[in-house]
Amino acid sequence: FEELQRRPLEPDIITYTALISAYGKSDQWEKAVELFAELQHRGLTPTIITYGALISACGNGGQWETALQLFDELQRRGLEPTIITYSALISACEKG
């Protein structure tokens with residue numbers, strides 16, 4: 001990822017979402033949250049898929065309260081939750 005940033009290619013929302021998902025699956029929820037902040041700082045808009053990946057990452061890290069906050073945030077942004085988003089949120093709350 002760092003090499004991609006050094007090249008003239010810019011990571012897009014798909015790249016960030018894939019990395020957030022990968023961090024979540026490897027129990028690195030904090031890094032996933034950092035990437036989420038970074039993508040927004042770069043002016044990218046998170047999608048419902050991005051939020052789902054981050055909610056899942058937080059759930060895997062036992063951060064159910066953060067997952068709930070993210071769910072509220074995505075709704076305030078006007079994004080429509082999917083069955084996958086709901087499933088990630090339920091799983092996060094179940095683990096907490």
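Nothing fancy with the numbering, it's 1 onward along the sequence. Given the structure is predicted, the values throughout are model-derived calculations rather than measurements.
Hydrophobic side-chain contacts under 4.5 Å tie I90 to no other Ile, Leu, Val, Met, Phe, Trp or Tyr residue.
Here L70 contributes atom CG and R77 contributes atom CZ; the two are 10.0 Å apart, rounded to the nearest 0.5 Å. One distance of note links CD of Q69 with CZ of R76; it measures 9.0 Å at 0.5 Å rounding. Atom-to-atom distance recorded for L54:CG and T66:OG1 is 8.5 Å, nearest 0.5 angstrom. Going from atom CD of Q28 over to atom CD of E34 covers 10.0 Å, rounded to the nearest 0.5 Å. We find the CG-SG distance between L89 and C58 to be 10.5 Å, quoted to the nearest 0.5 Å.
Of all the heavy atoms in P46 and I13, the pair that sits closest is CA-CD1, 3.9 Å.
Taking the side chain as every heavy atom from C-beta outward, V33 and W29 approach each other to under 4.5 Å. Looking at heavy atoms from C-beta onward, I55 lies in side-chain contact with L74 at the 4.5 angstrom threshold. Counting heavy atoms from C-beta on, the side chains of L44 and Q40 never come closer than 4.5 Å. L39 has its side chain out of reach of L35: every pair of non-hydrogen atoms, C-beta onward, lies at least 4.5 Å apart. In this structure, the side chains of Y16 and T50 stay at 4.5 Å or more apart for every pair of heavy atoms.
Checked by atom type and distance alone, the side chain of N60 pairs as donor or acceptor with a backbone atom of G24 at under 3.5 Å. Between the S56 side chain and the A53 main chain, no donor and acceptor come within less than 3.5 Å of each other. The main-chain N or O of Q63 is never found under 3.5 Å from a side-chain atom of E65 such that the two would form a donor-acceptor pair. Within the 3.5 Å criterion, the main-chain N or O of S87 finds no donor-acceptor partner in the side chain of S91.
Residue-environment remark: CD1 (I49) stays at or below the threshold of 12 foreign heavy atoms within 6.0 Å. Within 6.0 Å of NZ in K25 there are 12 or fewer heavy atoms belonging to other residues, nucleotides or ligands.
Residues Y86 and W64 fall within the same hydrophobic cluster, defined by Ile, Leu, Val, Met, Phe, Trp and Tyr side chains chained together at heavy-atom separations under 4.5 Å. The same ILVMFWY cluster, assembled from side-chain heavy atoms under 4.5 Å apart, contains both L19 and I14.
Annotation: ring-ring contact (aromatic ring centres under 6.0 Å, His included) contacts of Y23 (sequence neighbours excluded): none.
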Trace of the side-chain contact (heavy atoms from CB on, under 4.5 Å) decision for R42 with E10
CA-CA 10 Å; R42 288 178 168 258; E10 287 290 320; 2.7 Å; yes

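The aromatic rings of F36 and Y51 lie perpendicular to each other, with more than 60° between the two planes, well past the 30° mark.
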